[in-house]
Amino acid sequence: MKQFDPHSPVLAIESSCDETAVAIMRGPGTILSSLIASQAQEHSRFGGVVPEVASRNHLLAIDPLVHRALEQSGVKPDQLGALVATSGPGLAPALLVGASYAKGFSLALGIPYLALNHLEGHLLSPFLGAEEIPDHLALLVSGGHTQLTRVRGAGKYTVLGRTLDDAAGEAFDKTAKLMGLPYPGGIEIDRLAEKGNPDRYEFPKALMEKGNFDFSFSGLKTSVRYFLEKNPGVMMSPEGISDLCASIRKAIVGVLLEKTGRAMEDSKLQSVAVSGGVAANRALREGLGKLCSSNGWQLHLPSPELATDNAAMIAFAAFHHLLAGEHSSVSVEITPQWQVGVVR
Ligand code: KG4
Ligand code: ZN
């Protein structure tokens with residue numbers, strides 16, 4: 001097998017959930033191609049992602065997508081320096097498709113294969129293009145995970161807190177489902193909340209005691225369920241729906257902002273980075289902007305395309321590992337429950 005040549009492009013595959021994504025990247029930030037085939041609409045009628053359906057769709061999408069990415073980037077397979085695939089956390093039947101494809105391709109080309117953690121891809125996404133990852137606090141808020149992490153460079157992660165039950169994105173999606181809104185509900189709640197009054201209804205915030213950086217959003221979900229049972233009329237008017245969305249968004253974003261602010265004060269860091277699908281949320285972006293400017297902290301946000309699942313973030317995080325001489329054996333299994341970072 002050839003050694004990784006840092007000047008050769010890396011091909012990365014993401015298939016942990018309902019998006020098949022392929023990216024080809026040169027160096028730490030030259031995206032030659034980044035393609036996404038989303039199945040969200042197909043899963044929408046089930047109200048969530050069905051693993052077997054996701055797996056079958058990945059299988060259909062992956063090969064044409066890789067060929068399109070190669071064509072678009074003008075890169076020939078024998079010019080690639082490494083193959084990377086998201087190897088966890090995620091849905092096992094979905095992960096298997098991308099990881100098997102990348103392993104097979106790397107074996108055929110005789111180049112390194114790297115199994116990458118999806119959360120690490122999100123975590124580093126705000127720094128895409130950077131040769132070095134600065135010391136910072138990372139708030140990762142996706143559909144499956146919510147985590148506050150102290151980052152001391154690529155690969156050095158200390159977990160300060162994470163969710164004990166539902167993730168922030170899941171809280172958006174599940175409350176949206178209770179309201180009868182389409183999946184994925186986070187985007188829908190965010191959109192409808194723009195016209196609503198966030199102070200109209202009060203929802204609980206959990207684990208708010210000092211020094212606690214863990215999260216819990218299942219109580220909020222239950223409280224929205226009871227609220228809807230008691231107040232069915234709210235869903236009859238556009239104003240009621242918007243106010244409810246704005247109030248739910250305020251409750252979720254409020255917890256994220258407060259805990260991030262406290263963790264920043266505690267750790268005496270100067271930089272905060274936010275990643276994952278919920279990083280696209282308008283209220284969160286605005287709230288963090290205010291929090292950071294009033295404290296003189298630097299805020300790193302991924303572009304909205306890099307916030308939700310994509311393969312460019314997988315290629316970027318992988319590049320840092322490959323550069324450090326790391327790669328994986330092709331016999332390494334997928335890791336559906338893979339966590340990122342050491343718990344402090
Ligand atoms: O990171 P991501 O694309 O996939 C996972 O790795 O989970 O995150 C998807 C999550 C979904 O829960 C979706 O509802 C949420 O991100 N999301 C949003 C917004 N855009 C996506 N949540 C709130 N506001 C948004 N604008
Ligand atoms: Zn994700």
Side-chain angles (χ1 to χ4, degrees), residues 12-21 23 34 36-41 43-44 47-49 51 54 85-91 94-95 98 116-126 138-147 162-163 166-179 181-194 196 198 215 217 220-221 245-246 248-257 274-288 301-314 316-317 336-340:
I13 297 174
E14 157 61 41
S15 72
S16 63
C17 192
D18 60 348
E19 256 109 27
T20 322
S34 179
I36 301 175
S38 177
Q39 317 165 8
Q41 224 170 351
H43 295 279
S44 169
V49 179
T86 298
S87 198
L91 307 169
L95 289 165
L116 198 98
N117 185 303
H118 180 81
L119 302 180
E120 188 176 15
H122 276 303
L123 209 67
L124 301 186
S125 64
L139 171 69
L140 165 62
V141 271
S142 72
H145 295 83
T146 295
Q147 185 167 316
R162 55 166 71 120
T163 186
D166 294 346
E170 210 174 349
F172 274 113
D173 296 342
K174 286 182 174 170
T175 50
K177 195 172 175 182
L178 290 172
M179 292 175 72
L181 300 175
Y183 170 86
I187 302 162
E188 205 56 21
I189 290 194
D190 194 23
R191 187 179 68 80
L192 291 164
E194 286 296 293
F215 300 86
F217 291 108
L220 167 77
K221 178 184 63 190
C245 285
I248 292 171
R249 184 173 74 168
K250 184 186 164 199
I252 298 172
V253 169
V255 173
L256 298 176
L257 290 175
V274 189
S275 58
V278 183
N281 187 275
R282 282 172 261 199
L284 181 62
R285 290 175 92 92
E286 201 186 305
L288 283 165
L301 284 167
S303 61
E305 316 82 76
L306 283 175
T308 44
D309 286 351
N310 66 88
M313 69 180 190
I314 301 300
F316 174 66
Q337 307 289 342
W338 197 359
Q339 299 289 348
V340 76

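Whatever order the structure lists them in is the order used to number ligands and atoms, beginning at 1. Below, all heavy atoms of this structure are taken into account, side chains as well, without hydrogens, waters or symmetry copies.
- The shell of residues lying under 4.0 angstrom from ligand 1, judged by heavy atoms, excludes Cys17.
- For ligand 1, the atoms closer than 4.0 angstrom to any heavy atom of Phe172 are 22 (N), 23 (C).
- In the candidate list Asp190, Val278, Val141, Val278 is nearest to atom 15 (C) of ligand 1, counting heavy atoms.
- An N or O contact shorter than 3.5 Å links His122 to ligand 1 by distance.
- Considering backbone and side-chain atoms together, Ile187 places no N or O closer than 3.5 Å to any N or O of ligand 1.
- The shortest contact between atom 24 (N) of ligand 1 and any protein heavy atom is with Asn281 ND2, 2.9 Å.
- By the 3.5 Å distance cut-off applied to N or O atoms, Thr308 is not counted among the residues near ligand 1.
- Atom CG of Asp166 sits about 9.0 Å away from atom CG of Leu220, to the nearest 0.5 Å.
- In this structure, the protein non-hydrogen atom closest to atom 17 (N) of ligand 1 is Gly277 O, 3.6 Å.
- The distance from the CG atom of Leu288 to the CG atom of Leu139 is 7.0 Å, given to the nearest 0.5 Å.
- Between Phe217 and Phe215, the ring-plane angle classifies as parallel under the 30° and 60° cut-offs.
- Remark: Asp190 CG to Ile187 CD1 distance equals 8.5 Å, nearest 0.5 Å.
- Atom OD1 is the N, O or S atom of Asp309 at the shortest distance from the Zn ion (ligand 2).
- Inclusion of His118 in the first shell of the Zn ion (ligand 2) is supported: an N, O or S atom falls under 2.8 Å.
- Between the OG1 atom in Thr163 and the NE2 atom in His145 there is a gap of 10.0 Å [rounded to 0.5 Å].
- Taking every heavy atom of His118 and a limit of under 4.0 angstrom, the matching atoms of ligand 1 come to 6 (O).
- Residues Gln39 and Thr20 form a side-chain contact, since some pair of their non-hydrogen atoms from C-beta on lies under 4.5 Å apart.
- Of all protein heavy atoms, the one lying nearest to atom 3 (O) of ligand 1 is Asp309 N, 3.0 Å.
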Evaluate side-chain contact (heavy atoms from CB on, under 4.5 Å) for Met179 paired with Ile248, printing each intermediate quantity in order.
CA-CA 11 Å; Met179 292 175 72; Ile248 292 171; 3.9 Å; yes

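- Below 3.5 Å of separation, one finds an N or O of Gly186 facing an N or O of ligand 1.
- Counting all heavy atoms, side chain and backbone alike, His122 lies closest to Ser125 at O-OG, 2.6 Å.
- Atom 13 (C) of ligand 1 has its closest protein heavy atom at Asp173 OD1, 3.8 Å.
- Residue Gly143 has at least one N or O atom closer than 3.5 Å to an N or O atom of ligand 1.
- For Gly169, a nitrogen or oxygen atom sits less than 3.5 Å from a nitrogen or oxygen atom of ligand 1, counting backbone and side chain alike.
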After noting the C-alpha distance and the side-chain angles of Glu170 and Lys221, does the key distance pass the side-chain contact (heavy atoms from CB on, under 4.5 Å) rule?
CA-CA 10 Å; Glu170 210 174 349; Lys221 178 184 63 190; over 6 Å; no

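- Rounding to the nearest 0.5 Å places OG1 of Thr86 at 9.5 Å from CG of Leu119.
- Of all heavy-atom pairs spanning Ala312 and Leu306, the tightest one is CB-CD2, 3.9 Å.
- For ligand 1, the polar-atom distance check finds an N/O of Gly144 within less than 3.5 Å of one of the ligand's N/O atoms.
- Because the distance cut-off is set at 2.8 Å, Cys17 fails to qualify as a neighbour of the Zn ion (ligand 2), as none of its N, O or S atoms comes that close.
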